[in-house]
J.: 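The structure under discussion is supplied below as structure tokens; questions concerning it will follow.
Throughout, a chain's letter reflects where its sequence line sits, starting with A, and its residues are numbered from 1.
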Amino acid sequence: MQLETTTSHFRSLREALTLATCSLLASGQSSANEWQLDSALLYYSENDRVSVVEPLLMGRRDLNNGDQLNLSLVVDSMTGASPNGATTTNQLQTFTSPSGKSLHQVNPGELPANSFRDQSLSVAGGYTHGVAPLLKNSIGGNFSAESDYSALGFTDTLLIDLENRLTTFTLAAGATFAFVDAAGATPVPLSRVNSASVGSAATPDTVSEESSTYNLFNGEGKESFDLLFGITQVLSPRTLVQLNYSYTRQQGYLNDPYKIISEIDPKSGDTLGYFYESRPDNRNSHALFGQWIHHLQEDVVRLSYRYYRDAWGVNAHTAEIKYRYELGNDAYLQPQLRLYQQSAADFYRHSLPSDLSVNEVSADLRLAKIKSRTIGLKFGMPLGESLNGKFSVRLEQMLQTGDASPASAIGSERNYNLHPDLEATIIQFGYSLRY
Amino acid sequence: MHTLPLITITASLALLVSGCTLEEVKPWQRNLLAKESMQLIADPSEQLLNQHLYFSKEAASGGEGVGGGGCGCN
Amino acid sequence: MDVTTATAGLWRFPFNAMASPCEVLLEGDRTTAAAIAAEAIAEVRRIEEKYSRYRQQSVTSTINRTAGSPMSVDSETAALLDYAATCYQLSEGKFDITTGPLRYLWKFTDAATLPDSAEVTALLPHIGWQRIRWQNPHLTLQPKMEIDLGGIGKEYAVDRAIALIKNMTTAAALVNLGGDLAVTGPRQHGQRWQIALENPDHHQNRLTAEAHLNVTISHGALATSGDTYRHIKSHGERYGHILNPQTGWPIRNAPRSITVAAATALEAGMLSTMASLQGAAAKAFLQAQGVPYWLVR
């Protein structure tokens, strides 16, 4: 026997062989009939408005035949106050809670908001099946319910690989049928709000609650249809790009039943009364989404951008960057930044002068001109010795700003910030394991 | 209603597929691409929770998939 | 389960699998060691049952019976086939899991004779990975073709058992399946593992050759490719059991035994097999790989 080490004309296969071995042994770990369970708890808190606690559970199971089963459950528990659309004035304003059970007063100079408390539940399931060597079909269904909203959705996604498996086309379609059943009654658009008054003093009552009786598939209907066409391309052993185009058609009752708009005096800007908002009964939207993922020596950088526009006149840009910095031993630190901006919907107005007649109007700040940025840090590490557990935590801060003093402000409106900043903290804990 | 120039999009997609001379990536060179951090959706739970969150705060949505389910908030 | 103390604080669990004597060595207390060894042995048996070509119900037998029609395979089998495909390409067609049908002609027993060369040639159209259509997870073998994962399965089982043990304990362990072995890491107090490699010369000349060659490792794996007991002698020439898929005949001038050390048993096994497939150039091949090796001509 002899022990030898020198070199010759053969090329070294070791690197390629090591990679092949690693992927064989790694695939063994994700072997069939195991559940991949993801759990997460999101805590979202606005400076002085809404707070949300949202636990989530997701399960994925790879079956023996290569098919995949997906299930998810999200529970949402929201409390707080969200702006109801009424403008800030120099008068005392009184609003009755949507259920009609309680009143609350808004002092002059404050942004009127509805306080609410609600829970929602959404469940989704999907099944992906290999139809042919290069074709996968994924069907999905989802159901969500809140006290005043219920929805049922269906999706179908086709994934088509090219022969070399470096290019994947996605064709997807979805339909969602939703019902809005507001506490009290779902209001008629542009009807006068009887439950709100200006200038009068009523007994304030800070405790306000929405109806807790679930009335599924009842109320005003709205439907949403989605089509998506996408392509994913492997550019190199380290780089992946994705490009999607999606089209959505919504129709039906698209209003937020709790959003109102102040009728103001066209000269003084003083509030005269309130109307329920009125949005168009359909909305076509387009989104173009691109993503670039690149593996550096150890780290991974991820850039994405979305362009969105719809028939309501909203144009929006969303850009995100995430840099995953590997700390070693599968732990990482990931700074992330999200930038967003949108133009206002054509029918958005912060208030409605009484000499103006409109068919469509909304003072919902979410349809206003907005800029938003979310900056955060995520940390992840393996946890648990014999379990394939992974723990992660992210901490983000979101700042959404709008036009505080629009040129269209009238009279006393000019004294106030008509679009206060929205500042929120987002904390998410995640734990996932194979089981 | 505004419509996007669909033809341009389709053309650029086609270019992406065929036009460029791509490095041929062999099956055994795909180990980095198989990592969790290289998946299109790196963290499914974060994505789902973010969708819920931003859907209730912003007018724009969609692009990453179909059938969000929505919520009563918008 | 049969258990003996190999040395102080080290438990030995011998068993038979894949037609070879096997063992799991584990440090730690006996009860824990036995429980962990049982899991590792069960994993080895699972892989043997799933891929043995001698078992009618195995995936391998099912695939071979289905030759001629398309079928889809589970993800573990798919990963093994991907690996086999990669090795086929890296070895430029020399490592091929489809040489099975040649076994009906080449019987490497003591009394065996050389097969008829016309018969060998007649089989060649049913051999060759390039004739298989493999699009994960869809596999189509041409009629009369066969696959045999024996060239990978044992090393795969070693690595899977090691991974399983690492998931259950930090105690050091060694898994040895008929001479292909791997360790989880150094023994307690940083001790290296003492491995005795069987010297094929010992069988031929008990007087001059040492029975064992001692090797020590603290990490990784060792695997051996050789034809010590499996060859045909005809007209003074040795015909080893490693067949060239392109000719259907044994590789000429292959070393009798090649042992390679690498990070995993799969790599060590594949490098030693590929080296054997180089025949006379085995040594040059191994030198280019830059791995420690032990070669016997």
Side-chain angles (χ1 to χ4, degrees), chain A residues 16 19-20 22-23 38 40 42 44 54 56 58 120 122 142 144 146 148-149 151 153 155 166-167 172-174 176 178 180 226 228 231-238 240 242-246 248 256 284 286-289 293 295 300 306 308-309 311 314 316 324 340 342 366-367 400 428 430, chain B residues 1-6 8-10 12-18 20 22-74:
Chain A
L19 290 181
C22 286
S23 68
D38 291 334
L42 179 90
Y44 167 90
E54 203 170 351
L56 165 152
M58 283 177 127
S120 83
S122 58
N142 57 76
S144 57
E146 294 168 41
D148 51 8
Y149 178 85
T155 61
L166 300 177
T167 310
T176 305
V180 180
D226 299 310
L228 181 141
I231 177 170
T232 308
Q233 176 70 48
V234 172
L235 292 179
S236 79
R238 298 176 171 275
L240 193 66
Q242 179 188 27
L243 198 58
N244 284 347
Y245 162 75
S246 71
T248 301
D256 181 329
N284 294 327
H286 305 267
L288 194 59
F289 171 81
I293 311 168
H295 198 290
V300 174
R306 179 184 64 187
Y308 168 94
R309 77 187 291 169
V314 177
R324 179 172 162 136
Y340 175 82
Q342 73 181 44
R366 294 170 299 187
L367 293 173
Q400 200 186 73
Q428 183 191 322
Chain B
M1 190 192 92
H2 308 275
T3 44
L4 274 178
L6 260 175
T8 320
I9 299 162
T10 319
S12 59
L13 287 178
L15 191 73
L16 192 69
V17 183
S18 60
C20 5
L22 295 169
E23 188 182 338
E24 176 70 15
V25 179
K26 302 285 185 195
W28 62 88
Q29 297 178 309
R30 302 190 66 143
N31 63 320
L32 293 179
L33 297 167
K35 286 168 72 172
E36 199 177 275
S37 57
M38 287 295 286
Q39 300 310 297
L40 293 176
I41 300 168
D43 184 340
S45 48
E46 178 174 334
Q47 196 218 24
L48 187 65
L49 291 169
N50 271 0
Q51 262 176 12
H52 272 220
L53 170 63
Y54 292 116
F55 185 81
S56 68
K57 300 289 160 202
E58 295 169 354
S61 63
E64 287 184 75
V66 293
C71 65
C73 51
N74 209 338

J.: Return the set of residues passing side-chain hydrogen bond (donor to acceptor under 3.5 Å, both in side chains) with A:Ser122 (not counting sequence neighbours), or none when no residue passes.
T.: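 With sequence neighbours excluded, A:Ser122 shows a side-chain hydrogen bond (donor to acceptor under 3.5 Å, both in side chains) to no residue whatsoever.
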J.: Give a yes or no on this: more than 12 heavy atoms of other residues, nucleotides or ligands lie within 6.0 Å of atom CD of B:Gln47.
T.: yes
J.: Please find the pair of heavy atoms, one from B:Gly62 and one from A:Ser246, that lie closest to each other, and give the distance.
T.: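 B:Gly62 and A:Ser246 have their closest heavy atoms at C-OG, 4.3 Å.
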J.: Would you give the length of the straight line joining atom CE of B:Met38 to atom CZ of A:Arg238, rounded to the nearest 0.5 angstrom?
T.: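 CZ of A:Arg238 is found 8.5 Å from CE of B:Met38.
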J.: Select one option (side chain, backbone, both, neither) describing which atoms of A:Glu54 are under 4.5 Å from chain B's heavy atoms.
T.: both
J.: Specify the closest pair of heavy atoms between B:Ser61 and A:Ala287, including all atoms of both residues, with the distance to one decimal.
T.: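 Result for this residue pair: O-CB, 4.3 Å.
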J.: Hey, does B:Glu64 have a side-chain heavy atom less than 4.5 Å from the side chain of A:Arg306?
T.: no
J.: Please state whether the side chain, the backbone, both or neither of B:Gln39 comes within less than 4.5 Å of a heavy atom of chain A.
T.: backbone
J.: If you round to the nearest 0.5 Å, how far is NZ of B:Lys57 from CD of A:Gln342?
T.: 12.5 Å
J.: Where do B:Ser56 and A:Arg366 come nearest, in terms of heavy atoms and distance?
T.: O-CD, 3.0 Å
J.: To the closest 0.5 Å, what do you measure between CG (B:Asn50) and CD (A:Gln428)?
T.: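 One gets 7.5 Å once the value is rounded to the nearest 0.5 Å.
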J.: With rounding to the nearest 0.5 angstrom, report the CG to CG distance, B:Leu33 to A:Leu240.
T.: 6.0 Å
J.: To the nearest 0.5 angstrom, please state how far the CG atom of B:Asp43 sits from the CE atom of A:Met58.
T.: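 Those atoms lie 8.5 Å apart.
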J.: Hey, is the main chain of B:Ala60 close enough, under 3.5 Å, to the side chain of A:Tyr340 for a donor-acceptor pair?
T.: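 Judged by distance alone, yes, a pair lies under 3.5 Å.
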J.: Write down the atom of A:Asn244, the atom of B:Gly63, and the distance for their closest heavy-atom approach.
T.: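 So the minimum-distance heavy-atom pair works out to ND2-O, 3.0 Å.
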J.: How long is the straight-line distance from OG of B:Ser45 back to CG of A:Leu56, given to the nearest 0.5 Å?
T.: 5.5 Å
J.: Relative to chain B, which segment of A:Leu228 carries a heavy atom at a distance below 4.5 Å: side chain, backbone, both, or neither?
T.: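 Both backbone and side chain of A:Leu228 come within 4.5 Å of chain B.
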J.: Which heavy atom of A:Ala173 sits nearest to which heavy atom of B:Val66, and what is that distance?
T.: O-CG2, 3.8 Å
